[in-house]
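So you know, we letter chains A, B, ... as the sequences are listed, proteins then strands, and number each from 1.
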Protein chains: 2
Amino acid sequence: MSIGCALELQKSAPARDIALCSSCRLSGTCFPQGLDTDDVQKLEPLVRRFRPIHRGEHVFRTGDKFQNIYAVRSGTVKVYRLSADFEEQIIGFYLPGEVLGFNSIEQGEYVCSAVALETSSFCAFPFSLLEELCRCIPALQHQVFRLMSKEIVFSNEMMMSHCGKDARQKVAIFLISLSNRYQHQGYSAREFRLTMSRREVGIYLGLALETVSRTLSRMQEDNLITVDRKSVIIHDLPALQQVCTGLGPDVIPLIPVN
Amino acid sequence: MSIGCALELQKSAPARDIALCSSCRLSGTCFPQGLDTDDVQKLEPLVRRFRPIHRGEHVFRTGDKFQNIYAVRSGTVKVYRLSADFEEQIIGFYLPGEVLGFNSIEQGEYVCSAVALETSSFCAFPFSLLEELCRCIPALQHQVFRLMSKEIVFSNEMMMSHCGKDARQKVAIFLISLSNRYQHQGYSAREFRLTMSRREVGIYLGLALETVSRTLSRMQEDNLITVDRKSVIIHDLPALQQVCTGLGPDVIPLIPVN
DNA sequence: CCCGGGTGTTGATCCAGATCAAATGATTCC
DNA sequence: GGAATCATTTGATCTGGATCAACACCCGGG
């Protein structure tokens, strides 16, 4: 269990010197996406920004009263919970620009815990205020629906990538997913850090940590990637994408190139 | 592939003699949940109701323009798509009172297909109208958020029940899920029909159909259930629940009863 | 600089469940 | 009603990945 000593985010002092939404380079995937300048102005006073938290500190914990939706500003957040038999289950990893907390609306309290895997910072959007504002700004309402829809799609994808896929496919899917998501936020698609441990990747993918390690080594032998500790470099993205589908490199030519 | 000849739902004639939301016994889990009588009145004119469709007919298909969210009125709907390697992937089974289509908001077209597994009927809620109405009725907006939140939670649960669970646990989880959902709609929790094939259960759970069959047989031998073809009777619900967690029947006493 | 614990790698063995195979039981369609 | 097709069950075999085990590596602290 990776719960460190918790200086809860809620208790830390707001940091008012942090960039506004209008100047945030992540606003393209967060709530302001699709809003015009005026609407972003109306959203602004609602946002609460905090100083960064460190590895092991929690954003919220299972059972806390649900109040905020959080957008990751920097770092990585692991969202997890304990199963009935006290095993850690990982719901997801959230990267900069991604939004967490939507799964707790129904229950009224957080149904999972969120912990920083590295020094990370956030913006908090009080959900009840967000709801009110949604009724005034159609574009914002639509954006919230879109973000939640995306979350459903992502979870569905994840679920299906656990079905009928072997270890190599699962790991490839995981790497491609990270690559896409980093790229989408303006980071490198080819080179990034695996901020979570092998054990955590294993739990997330339904594999033993040894299998994760072996699979990464094997992919390195095959010149698809270079892995060194937490750093990953993807050398052959197309080949890695083919691994995901289970189609060999020879299947593409079946569709005539001309 | 189970796509039958398709008389698309959209093309079938509205059936205006079907019960209104206000008198629908499923309204407790659908959009009207939490709305007062006045608000349900406002929702009413927006709903489009159709004659039932038959097994194999589609509600919508991947790529169709996203227009409606559908509530299942009767029957079972399988939501699925084809993977890159043309294998069927099953996103979920939807029972009476359950709502489908939320995963297609973001894309603007349906990202999956929905097919009836038995004679089934629906109500359609045009999403753009629903969005508008949400801005007038706070309780409706909140309910839409709740329904989507539930969908995220459900998908998360499903994802996690694929991780680190063995075949017996997966099948138990699946049966309990159906049991709970039927009960929630006022049907029997103990006795119901498995409207999907063993193959479909297998795809959904990430198991070979033979494993599904064997596991059900094994559970019958253990007097947990009786399975006859599509009919299931659960004899020992608590024991089945214990199977889900992987905890033996002896673990509960570890927590002092007094 | 060395020590210690956490994290990652690699090797060896074993088993749950996939796959292959065949028989039987349903259901549909003339 | 009967043939044809499909769904399900059950058996036999094989294998990918879990598990057990040992070792290497890295990093922080004294």
Side-chain angles (χ1 to χ4, degrees), chain A residues 1-4 54-56 78 85 87-88 117-119 161-174 193-222 225-232 243 246, chain B residues 1-5 54-57 76 78 85 87-88 90 117-119 161-174 193-222 225-232 243 246:
Chain A
M1 210 169 352
S2 67
I3 306 175
H54 298 111
R55 175 178 167 77
K78 173 178 77 171
D85 43 339
E87 295 291 330
E88 181 176 340
L117 291 182
E118 57 186 331
T119 300
S161 74
H162 283 163
C163 285
K165 306 279 183 188
D166 62 25
R168 193 174 168 85
Q169 288 172 310
K170 287 183 184 181
V171 172
I173 289 168
F174 182 65
R193 258 166 44 81
L194 238 34
T195 54
M196 63 297 291
S197 70
R198 300 286 187 270
R199 187 190 66 90
E200 288 166 328
V201 176
I203 292 172
Y204 186 54
L205 297 179
L207 297 171
L209 68 91
E210 295 94 327
T211 305
V212 175
S213 179
R214 266 186 260 270
T215 304
L216 289 171
S217 301
R218 178 80 202 291
M219 285 176 169
Q220 176 156 293
E221 284 169 27
D222 299 344
I225 61 174
T226 297
V227 208
D228 176 36
R229 190 80 176 159
K230 295 213 169 290
S231 115
V232 176
V243 172
Chain B
M1 211 171 350
S2 67
I3 307 176
C5 68
H54 298 110
R55 175 180 167 76
E57 288 184 300
T76 313
K78 174 178 76 171
D85 43 340
E87 296 290 330
E88 181 176 339
I90 294 177
L117 291 182
E118 57 184 332
T119 301
S161 74
H162 282 162
C163 286
K165 305 279 183 188
D166 64 23
R168 193 175 169 85
Q169 288 173 310
K170 286 183 185 180
V171 172
I173 289 168
F174 182 65
R193 258 165 46 80
L194 238 34
T195 54
M196 63 298 290
S197 70
R198 301 285 188 271
R199 187 189 66 89
E200 288 166 329
V201 176
I203 293 172
Y204 187 54
L205 297 180
L207 298 172
L209 67 92
E210 295 94 326
T211 305
V212 175
S213 179
R214 267 186 260 271
T215 305
L216 288 171
S217 301
R218 178 80 203 290
M219 285 177 170
Q220 176 156 289
E221 284 169 28
D222 298 344
I225 61 174
T226 297
V227 208
D228 177 35
R229 189 79 178 161
K230 295 211 168 293
S231 117
V232 176
V243 172

* Asked: So, does B:H162 use its side chain to make a donor-acceptor pair with the main chain of B:Y204 at under 3.5 Å?
  -> yes
* Measure the spacing between CD1 of B:I225 and CD of B:Q220 and express it to the nearest 0.5 Å. => 6.5 Å
* **B:K230 NZ - D:dT8 C1' separation (whole Å)** => 9 Å
* B:D222: side-chain hydrogen bond (donor to acceptor under 3.5 Å, both in side chains) partners, not counting sequence neighbours -> B:R168
* Asked: Atom CD of A:Q169 and atom CG of A:L205: how far apart are they, to the nearest 0.5 Å?
  -> 12.0 Å
* Any B:S217 side-chain N or O less than 4.0 Å from OP1/OP2 of D:dT10 -> yes
* **Nucleotide C:dT9, atom P - distance to CZ of A:R218 in whole Å** => 16 Å
* Asked: With sugar-phosphate meaning primed atoms plus P, OP1 and OP2, does B:K170 contact a base, only sugar-phosphate, or nothing at under 4.0 Å between heavy atoms?
  -> nothing
* For B:T76, which residues count as a side-chain hydrogen bond (donor to acceptor under 3.5 Å, both in side chains) partner, sequence neighbours excluded? -> B:E118, B:T195
* Round to the nearest Å and state the distance from B:Q169 atom CD to C:dA16 atom P. => 13 Å
* To do: Any chance you could list the contact pattern along nucleotides 17-30 of chain C? Use B for base contacts, S for sugar-phosphate-only contacts and - for none, protein heavy atoms under 4.0 Å, 5' to 3'.
  => SSBB-----SS---
* **Under the salt bridge (Lys or Arg N to Asp or Glu O under 4.0 Å) test, residues paired with B:R55 that sit two or more places apart** => none
* Between atom CZ in B:R199 and atom C1' in D:dC6, what is the gap in whole Å? -> 11 Å
* Could you state the atom-to-atom distance from CZ of A:R55 to C1' of D:dC27 in whole Å? => 12 Å
* CD1 of A:I203 versus C1' of C:dG8: gap in Å, rounded? -> 15 Å
* Structure fact -> Between the NZ atom in B:K170 and the NZ atom in B:K165, the distance rounded to the nearest 0.5 Å is 11.0 Å
* To do: Report the C-alpha distance between B:K78 and B:E200 in whole Å, list the side-chain angles of each, state the deciding distance to 0.1 Å, and finish with yes or no for side-chain contact (heavy atoms from CB on, under 4.5 Å).
  => CA-CA 9 Å; B:K78 174 178 76 171; B:E200 288 166 329; 2.7 Å; yes
* To do: Using five base pairs at each end, measure the axis-to-axis angle across the helix from C:dC1-D:dG30 to C:dC30-D:dG1 and round it to 10 degrees.
  => 50°
* Asked: Whole-Å distance between D:dA7 C1' and B:R193 CZ?
  -> 14 Å
* What integer distance in Å separates B:M196:CE from D:dT8:C1'? -> 16 Å
Under 3.5 Å donor-acceptor pairs involving side-chain atoms of residues 209-217 of chain B, not counting sequence neighbours:
{"from": "B:T215", "atom 1": "OG1", "to": "B:T211", "atom 2": "O", "distance (Å)": "2.6"}
{"from": "B:S217", "atom 1": "OG", "to": "B:S213", "atom 2": "O", "distance (Å)": "3.0"}

